[in-house]
Amino acid sequence: MLPEGTFERKVAIVTGGGSGLGRVMALDLARLGSAVVIAGRREEPLAETARLIEERGGRAHPQPTDVREPEAVDALVAAAVERFGRVDVLVNNAAGNFVVKAEELSPNGWRAVVGIVLDGTFLCSRAAGRRMIEQGEGGAILSVIASYAWTGGPGTIHSAAAKAGVLALTRTLAVEWAEHGIRVNCICPGPTDTEGAGQALWPSEEDRARVASTVPLGRLASPEEVAVWAAALCSPYAGYITGENLTIDGGHWLEQESYLPALGKKRD
Ligand code: HXC
């Protein structure tokens, strides 16, 4: 969709870029000309994403980072500057999730997910935003949320609360940093066919089929069809879009099924 070279001379940071949707978004930004710094906790998947990018002629730097640690996040931005000279795009994709009853969630479990999703998004946005402000040439920040940010999500109280925070953070920064030409947006993928999401949210084939059946379009998303919109929102083609969320979920969150049986329609 976007022409090659859209991100020429740009530098992007993708958190959680070692696997799943993060890896696909990193590959896509690199394909479109960006140098990409890939952040995540585990070294091997980061190195593998970097290898895939370089194999295709792109520029990449893997930077082991726990986004909950302010010093590590500062080091991440410093690494991008040292290696590629600047920061133009930040994709806040790192997430943690598991399905748990609220009454059974330990304080540590709450802190782990809220720490990665909400603290991590704040810390990365702050560090990258500071650099973008200093550069004086604008920038784009994109965060990955989920529709339970506004509907609530039984079994995911930590993630739902954190993603709601990220949406509020996005709208806040969009206004605060507009004067610096920094656009701040979200994408909201529905159930996306990645290993990490599968393990956390639909561990069996049966669970997977059940989740797919709740999507009006009748299937999970591929990471590629989500990544294309992530890149578009970070590109100059979205130059007048800020503080916005783009939901890419096959109609998932709108599905209430209330009167479908009366229409003789039933998914399953
Ligand atoms: C209950 C759990 C648990 C589980 C961990 N904990 N897993 N509690 N059920 N399945 C608790 C632990 O017992 C511990 O609390 C606390 O959480 C911290 O666990 P750690 O393993 O020490 O934490 P950490 O290493 O920081 O790992 C964070 C994590 C992990 C969130 C727990 O799963 C992770 O990093 N996942 C990243 C990958 C991931 O989840 N990707 C899926 C994202 S998909 P105690 O009290 O015992 O010390 C996604 C899509 C949503 O978000 C969109 C849907 C539409």
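Just so you know, residue 1 is the first one in the sequence shown, and it goes up from there. Counting starts at 1 for both ligands and their atoms, following the listed order.
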Original post:
So, Asn185 versus Thr170: side-chain donor-acceptor pair below 3.5 Å or not?
Top reply: no

For a distance cut-off of 3.5 Å, show me each N or O of ligand 1 paired with any protein N or O, plus the separation.
residue	atom	partner	partner atom	Å
ligand 1	15 (O)	Ser106	OG	3.2
ligand 1	25 (O)	Arg41	NH1	3.2
ligand 1	26 (O)	Arg41	NH1	3.3
ligand 1	26 (O)	Arg68	NH1	3.0
ligand 1	26 (O)	Arg68	NH2	3.0
ligand 1	35 (O)	Arg41	NH2	2.4
ligand 1	40 (O)	Asn97	N	3.0
ligand 1	40 (O)	Asn97	O	3.3
ligand 1	46 (O)	Ser106	OG	2.6
ligand 1	48 (O)	Asn108	ND2	2.8
ligand 1	52 (O)	Asn97	ND2	3.1

Original post:
Considering only heavy atoms from C-beta outward, does the side chain of Trp229 approach that of Met1 to under 4.5 Å?
Top reply: yes

**OP:** Decide, yes or no, whether a salt bridge links Arg131 with Glu134 under the criterion of side-chain N to carboxylate O below 4.0 Å.
**Re:** yes

Original post:
Considering only heavy atoms from C-beta outward, does the side chain of Leu142 approach that of Val89 to under 4.5 Å?
Top reply: no

Subject >> Thr121 versus Asn92, side-chain donor and acceptor atoms under 3.5 Å >> reply: no

Original post:
Could you walk me through whether Asp119 and Val67 pass the side-chain contact (heavy atoms from CB on, under 4.5 Å) check?
Top reply: CA-CA 8 Å; Asp119 297 8; Val67 296; over 6 Å; no

